[in-house]
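These notes are about the structure you will find just below.
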Protein chains: 2
Amino acid sequence: MDLVAMISHKETIVQALKDKGLRVTPQRFAVYANLLSRQDHPTVDQLLQDLNQELPVSSQATIYTSLQALQAAGLVREVLLEPGVTRYDANVDRHHHFRCRCCGAIEDVPWTAFRELNLDHVRAGLHADAYEVTVYGVCDRCQ
Amino acid sequence: MDLVAMISHKETIVQALKDKGLRVTPQRFAVYANLLSRQDHPTVDQLLQDLNQELPVSSQATIYTSLQALQAAGLVREVLLEPGVTRYDANVDRHHHFRCRCCGAIEDVPWTAFRELNLDHVRAGLHADAYEVTVYGVCDRCQ
DNA sequence: CTTTGTGCAAACGATTTGCAGGATG
DNA sequence: CATCCTGCAAATCGTTTGCACAAAG
């Protein structure tokens, strides 16, 4: 990414935060920008390691509260695929997940990988309005 | 359920444990029988409350280890739909889940509610061999 | 200047573990 | 009787909270 693109990317992130009524602080920006830049679905601890690798950027408690704010604003989403571990995903467009049963890696699966499901037959009386598919298997590295 | 059915039900559970090479202890039996009898997907704490309601049956630590053993044997399964909460399900046949966004209730959705998905287009290189659908909405009681 | 965010450390809740005694095959 | 299980309490891990100070609008 060239300099101009980087600056405009930064502006896009700032704007996204402002649009949701969130104050733009260095910590919030760092958390959201980091999440946006990653393909995986890091835990709070992985975010903490990554953000503070060079120099201290944010404390653990602030990462938790930043994620709460970002989630309430609809900019990030939780991913729950292992007991006791909450992962975060900056991709809030609808999509599915793949989980490697061997190494635990999690990867996004595009919404278009499956034909749309019909929720009418879930059960009468329920207002089912959304869904997602979790796929299990073995990833390339583990075979 | 009449007496004969109850006894044969008990024998079925004992046999299931034995078949998996598990020792049949009162605690393990109680945990598994309780899970089999419920429609919901209890947490460890809910199991603990329920089992020890009348008289003490099992300690918390033993419920944890029993569930581990039952899970390793393939008799029960974890259900992860809320952060920090692990629920358990004795239904190990393939099925989907519904989660009420209002009260958090979880309910099984029969496998046949959807037509079979084709996993061929998940991503080249992945060996995808299983999946399940999580449906979100509002349950009858919450409307 | 008022409101909201940050960092630290303590608190908390769920789960795991070490160990001594007890039950199972 | 050797092995595995149970219960208790302490330890651990992820997350939340209280509070004093700092930054944002």
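Order of the sequence lines sets the chain letters (A, B, ...), proteins ahead of strands, with each chain counted from 1.
Put simply, A:Thr62 has a side-chain N or O that comes within less than 4.0 Å of OP1 or OP2 on C:dG7. Remark: B:Arg28 is in phosphate contact with D:dC5, judged by side-chain N or O atoms under 4.0 Å from OP1 or OP2. Look at B:Gln27 and you'll find a side-chain N or O under 4.0 angstrom from OP1 or OP2 of D:dG7.
Atom CD in B:Gln46 sits roughly 16 Å away from atom C1' in C:dT15 (whole-Å rounding). Taking atom CD of residue A:Glu82 and atom C1' of nucleotide C:dA14, one finds them 16 Å apart after rounding to whole Å. To the nearest angstrom, C1' of D:dG25 lies 16 Å from CG of A:Leu17. Atom CD1 in B:Ile63 sits roughly 19 Å away from atom P in C:dG13 (whole-Å rounding). Here C:dG7 presents its P atom at 9 Å from CG of A:Asn52, a figure rounded to the nearest Å. Distance CG (A:Leu48) to P (C:dC8): 11 Å, rounded to an integer number of Å. The distance from atom NZ of A:Lys18 to atom C1' of D:dA24 is 11 Å, rounded to the nearest whole Å. Straight-line distance from the CG atom of A:Leu22 to the P atom of C:dG5: 8 Å, rounded to whole Å.
Ion pairing of B:Glu107 with B:Arg99 is absent here, as no side-chain N (NZ or NE/NH1/NH2) approaches a carboxylate O to less than 4.0 Å.
Relative orientation of the B:His41 and B:His97 rings is perpendicular, given thresholds of 30° and 60° on the angle between their planes.
By the rule that hydrophobic residues join a cluster once side-chain heavy atoms approach within less than 4.5 Å of another member, B:Leu67 and B:Leu17 end up as members of one cluster.
Here D:dT15 is the nucleotide among D:dC4, C:dG7, D:dT15 with the atom lying nearest to any side-chain atom of A:Val44. Nearest to the side-chain atoms of B:Ser66 among the listed nucleotides C:dT4, D:dT6, C:dT15 stands D:dT6. Among D:dT15, C:dT15, D:dT17, the nucleotide with an atom closest to any side-chain atom of B:Tyr64 is C:dT15. Checking D:dC8, C:dT15, C:dT4 against every side-chain atom of B:Thr86, the shortest atom distance belongs to C:dT15.
Within the 4.0 angstrom heavy-atom criterion, no nucleotide atom of any strand lies near B:Val85. As judged by a 4.0 angstrom heavy-atom cut-off over every strand, B:Thr43 is placed among residues making no nucleic acid contact.
A side-chain N or O of A:Gln143 and one of B:His127 form a donor-acceptor pair less than 3.5 Å apart. Counting only N and O atoms by type, the side chains of A:Thr62 and A:Ser59 include a donor and acceptor under 3.5 Å apart.
Nearer the 5' end of DNA chain D, as judged by each residue's closest nucleotide, is the contact made by B:Arg23, out of B:Ala61 and B:Arg23. DNA chain C is contacted by both B:Thr25 and B:Thr65; B:Thr65 maps to the nucleotide lying nearer its 5′ end (nearest heavy atom per residue). Projected onto DNA chain C by closest heavy-atom contact, A:Pro26 and B:Gln68 fall at different nucleotides, the more 5' of which corresponds to A:Pro26.
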